[in-house]
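Working notes for the structure below.
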Amino acid sequence: MPERPNILFIMADDHAVNATSCYGSDINDTPNIDRIGDEGVRFENSFVTNSICAPSRATILTGKHSHLNGVKSFSDFDRDQQHVGKLLQEAGYKTAVIGKWHLQTKPSGFDYFKLLPGQGRYENPRFKEKGEEWQDGEEGGKEYEGYVTDLITDFSLDWIDRQADSSEPFFLMCHHKAPHRPWVPDEEHEDLYSKEEIHQPENFNDNYENRASAAAAAKMRIVEDLTERDLKGKPPPDLSGEELHNWKYQRYIKDYLRCVASIDDNVGRILDYLKERNLDDNTIVIYTSDQGFFLGEHGWFDKRFMYEESLQAPLIVRYPNEIAAGSVVDEISLNIDFAPTFLDFAGTDIPNDMQGHSLRPLLRGDTPEDWRDDFYYRYWLHLADHGVYAHYGLRTKRYKLIYYYAEALGTEGAIDEPKDPEWELFDLKKDPLEMNNVFDDPEYSEKVRELKEKLNRAKREAKDYE
Ligand code: CA
């Protein structure tokens, strides 16, 4: 039995806390994911530093913000740079990544990989396996019969099984494709929720008043922007108005939740397997998502915005040697913290240029005195998919300051370009749904001044000088 713990990092793609029952979801149940938290810890304030798929993955690997790891949008990951896979491999871990990769270039630092090309398919997906000829991007791979979430789990368990006789601990990144668009459920779950109506979030009919112009300009509305492919067909012709809107919401949310249900079942398979093989005590099991997702809040699907539903990701961790069952952490954790945390558990040095901090003290129930009480966020893809404006900002425990900096004015394809840079301030204690921008409210003028200073400081500390 190795002395250092195995690390099993299970990550979904676009799984929101509002569809996770241990975070209080009232629209679905995730009993297996919840089990990790019941026997371990749940982070209540886990956030990402750039809410989009490929950048989040690069951030998790490197422990650095997007502008330092080179993946601000969909640029190729520089495989020669330092990252946690390489460092754990050097420290004597067996390393593997299985499932969604989305970083284009061939992985370095992993003893084994079996990866979806690009976004990958839900049904009968192709996988590119280590040892076979590699093609960057969407190309290449061999087709496998079955459903993507089951297959990624099968391949992960197969790989763990092959480590059974190893004297070295393992590090496995098990990266699901689901529940990413276009939300295709498997046969086992396709009838789930078919006889019930799922209630809409209370701000489903948001009119985007009292916000900067970015919210109204974004093209991620359930009632307008879902395609027939997303909805798996045309709406019944006799529906209109609220009925039609609700029909679209039901189609969307049910397929999304069906994909989540399959992930939850497969998390259960992994937990059962670890227990059966007596690996459950010496394996740190992490469950998270590459970012959050809108599930009808503000009338939206998708992510990108610094608003809560997109900014927050579930984070639950089980490791009975160090984590008290059923514990909860309220401190702010970020996706830049994963790499330092893994290196800490591996007992190896955390490089100074990693920008995150090890979560290990928090996992044990100790909060370091100098733990962060705010953080810096930035989304760069101005007016790319879904027409979201580029922005950066600061979130504290209570407030959120967002700056839409409008530097790409004139980009083609923009319908509602911001005329000037715009600001938003939300008082999350009074306005948790972020419906009322108080940036220009005289009552908050002192707070605005203070938060702007903090934002400038946080941006400099993050070494973002642009
Ligand atoms: Ca994602």
Side-chain angles (χ1 to χ4, degrees), residues 9-20 23 30 33 46-62 65-66 69 71-77 97-104 115-122 125 137-138 148-149 152 173-185 218-220 222 225-226 230 252-253 255-260 262-264 266-267 286-297 300-316 333-336 338 377-381 384-386 388:
F9 179 77
I10 307 170
M11 182 165 75
D13 191 331
D14 297 356
H15 185 186
V17 293
N18 286 343
T20 317
Y23 285 92
T30 50
I33 294 168
S46 164
F47 302 105
V48 299
T49 52
N50 179 8
S51 179
I52 186 86
C53 300
S56 180
R57 285 151 209 276
T59 290
I60 288 166
L61 284 172
T62 58
H65 285 270
S66 307
N69 66 43
V71 186
K72 293 178 190 171
S73 55
F74 295 105
S75 29
D76 294 352
F77 185 74
V97 54
I98 293 170
K100 186 164 172 181
W101 175 242
H102 210 208
L103 292 171
Q104 313 300 342
L115 301 167
L116 297 165
Q119 293 284 2
R121 289 198 302 251
Y122 271 100
E138 307 281 327
V148 70
T149 307
I152 290 169
M173 303 185 94
C174 168
H175 289 179
H176 287 295
K177 173 204 170 52
H180 191 281
R181 196 182 190 184
W183 317 292
V184 179
K219 289 183 274 295
M220 49 171 82
I222 287 172
D225 301 312
L226 287 173
D230 295 327
Y252 160 62
I253 196 69
D255 275 349
Y256 178 95
L257 295 177
R258 288 162 182 150
C259 292
V260 170
S262 169
I263 292 182
D264 189 69
N266 277 292
V267 166
I286 298 116
Y287 182 83
T288 191
S289 172
D290 60 344
Q291 59 336 264
F293 212 67
F294 294 104
L295 303 177
E297 302 90 353
W300 288 334
F301 61 96
D302 212 68
K303 54 241 177 183
R304 301 160 202 273
F305 273 102
M306 198 185 163
Y307 296 148
E308 290 295 273
E309 295 82 3
S310 150
L311 185 67
Q312 190 185 1
L315 174 58
I316 34 201
S333 64
L334 300 173
N335 55 350
I336 49 176
F338 286 120
Y377 176 91
R378 184 161 177 180
Y379 172 76
W380 275 267
L381 274 160
D385 298 341
H386 300 290
V388 175

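Residues: numbered from 1 along the sequence shown. Ligands are counted one by one from 1 in listed order, and the atoms in each one are counted from 1 as well.
Between Lys100 and Asp13 a salt bridge is recorded (basic side-chain N to carboxylate O distance below 4.0 Å).
Using cut-offs of 30° and 60° for the angle between ring planes, the Tyr287 and His15 rings count as perpendicular.
Here His176 pairs with nothing under the side chain to side chain donor-acceptor pair (under 3.5 Å) rule; sequence neighbours left out.
A ring-centre distance under 6.0 Å is found for His386 and Phe301.
Side-chain contact between Ile33 and Ile316 is present, with heavy atoms from C-beta onward closer than 4.5 Å.
Annotation: cation-pi pair Lys303/Phe294 absent, no NZ/CZ under 6.0 Å from the ring centroid and within 45° of its normal.
Distances under 3.0 Å from the Ca ion (ligand 1) pick out the protein N/O/S atoms Asp13 OD1, Asp14 OD1, Cys53 SG, Asp290 OD1, Asp290 OD2, Gln291 OE1.
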